[in-house]
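For reference, the structure discussed in these notes is given below.
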Amino acid sequence: MDLMISSQVIQPVKNGVLLAVTAGDLAVRAYVVIEPQDLHIVEGLVPSAVFESGAQVHVGGIGADDDVEDQVVQILEAMDPDDVVVYLCDGEPSYAATLAILGAVF
């Protein structure tokens with residue numbers, strides 16, 4: 001599926017940004033951070049109110065050697081409105097690539 005993806009920065013977060021992402025008709029929030037692939041990072045990053053709301057929280061580990069576009073888009077295609085995704089990038093190259101794919105506007 002070809003998605004038209006665009007994003008706006010909502011706010012900076014530790015080691016990254018929180019984005020409002022629009023992918024086709026889908027509107028979600030995405031945390032894009034440079035952090036190790038560790039679920040404790042997600043728990044510390046995403047407010048507890050999000051988990052309590054019943055929204056799905058998707059997590060993707062993005063590495064420099066990965067097909068970043070494929071990983072980012074696969075997660076978006078599996079999401080519902082108001083879901084949240086956390087992209088845990090292993091360094092600056094994968095972070096920059098993820099932001100570019102999401103069409104982040106600063």
Side-chain angles (χ1 to χ4, degrees):
M1 175 189 303
D2 289 329
L3 291 176
M4 295 295 296
I5 304 171
S6 63
S7 301
Q8 295 282 336
V9 174
I10 296 172
Q11 66 186 45
V13 296
K14 182 181 176 192
N15 298 324
V17 292
L18 172 60
L19 303 173
V21 178
T22 303
D25 294 333
L26 180 69
V28 297
R29 292 186 184 245
Y31 291 85
V32 183
V33 296
I34 300 174
E35 290 285 358
Q37 295 180 23
D38 182 339
L39 288 180
H40 295 307
I41 300 288
V42 176
E43 293 169 355
L45 196 60
V46 178
S48 59
V50 172
F51 293 103
E52 294 164 1
S53 73
Q56 293 285 329
V57 178
H58 305 258
V59 180
I62 309 293
D65 296 330
D66 296 336
D67 182 342
V68 177
E69 182 173 12
D70 187 51
Q71 284 191 300
V72 169
V73 171
Q74 275 187 351
I75 292 172
L76 289 174
E77 288 176 337
M79 295 178 72
D80 292 317
D82 300 321
D83 282 359
V84 173
V85 60
V86 179
Y87 293 109
L88 300 170
C89 303
D90 71 353
E92 187 65 39
S94 58
Y95 176 75
T98 301
L99 291 175
I101 292 161
L102 293 173
V105 176
F106 291 87

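Keep in mind that what you see is a predicted model, and the values were worked out from it rather than measured. Values reported hereafter were calculated over all heavy atoms of this structure, with side chains retained and with hydrogens, waters and symmetry mates removed.
Considering all non-hydrogen atoms of both residues, Leu102 and Val32 come closest at CD1-CG2, 3.7 Å. Shortest non-hydrogen contact noted between Ile75 and Gly60 is CD1-CA, 3.6 Å. Asp80 and Val28 make their closest contact through O-CG1, 3.6 Å (heavy atoms, listed as atom of the first residue, atom of the second, distance). Nearest approach of Leu76 to Ala23, heavy atoms of both residues: CD1-CB, 4.3 Å.
Clustering ILVMFWY residues whenever any of their side-chain heavy atoms sit less than 4.5 angstrom apart, transitively, puts Met79 in a cluster other than the one holding Leu88. A continuous path of Ile, Leu, Val, Met, Phe, Trp and Tyr side chains, each step under 4.5 Å between heavy atoms, connects Ile62 with Ile34, placing both in one hydrophobic cluster. In terms of hydrophobic clustering, with Ile, Leu, Val, Met, Phe, Trp and Tyr side chains grouped at heavy-atom distances under 4.5 Å, Val33 and Val84 are assigned to a common cluster. Ile10 and Ile101 end up in different hydrophobic clusters when Ile, Leu, Val, Met, Phe, Trp and Tyr side chains are linked at under 4.5 Å. Linking ILVMFWY residues whenever their side-chain heavy atoms come closer than 4.5 Å, directly or via other members, places Leu19 and Leu26 in the same cluster.
Within the structure, every pair that satisfies the side chain to side chain donor-acceptor pair (under 3.5 Å) test and touches residues 89-100, not counting sequence neighbours, is listed here: Asp90-Ser94. Each side chain to side chain donor-acceptor pair (under 3.5 Å) pair with one or both residues in residues 5-34, not counting sequence neighbours, appears once here: Asn15-Glu35. Among residue pairs with one or both ends in residues 57-68, those qualifying as side chain to side chain donor-acceptor pair (under 3.5 Å) are His58-Asp83; sequence neighbours excluded.
The shortest distance between side-chain heavy atoms of Val21 and Val85 does not fall below 4.5 Å.
Of the possible polar contacts, one joining the Tyr87 side chain to the Val72 backbone as a donor-acceptor pair under 3.5 Å is found.
Under the side chain to side chain donor-acceptor pair (under 3.5 Å) criterion, Gln37 pairs with no residue, sequence neighbours left out. The side chain to side chain contact (heavy atoms under 4.5 Å, CB included) search around Asp82 returns none, not counting sequence neighbours.
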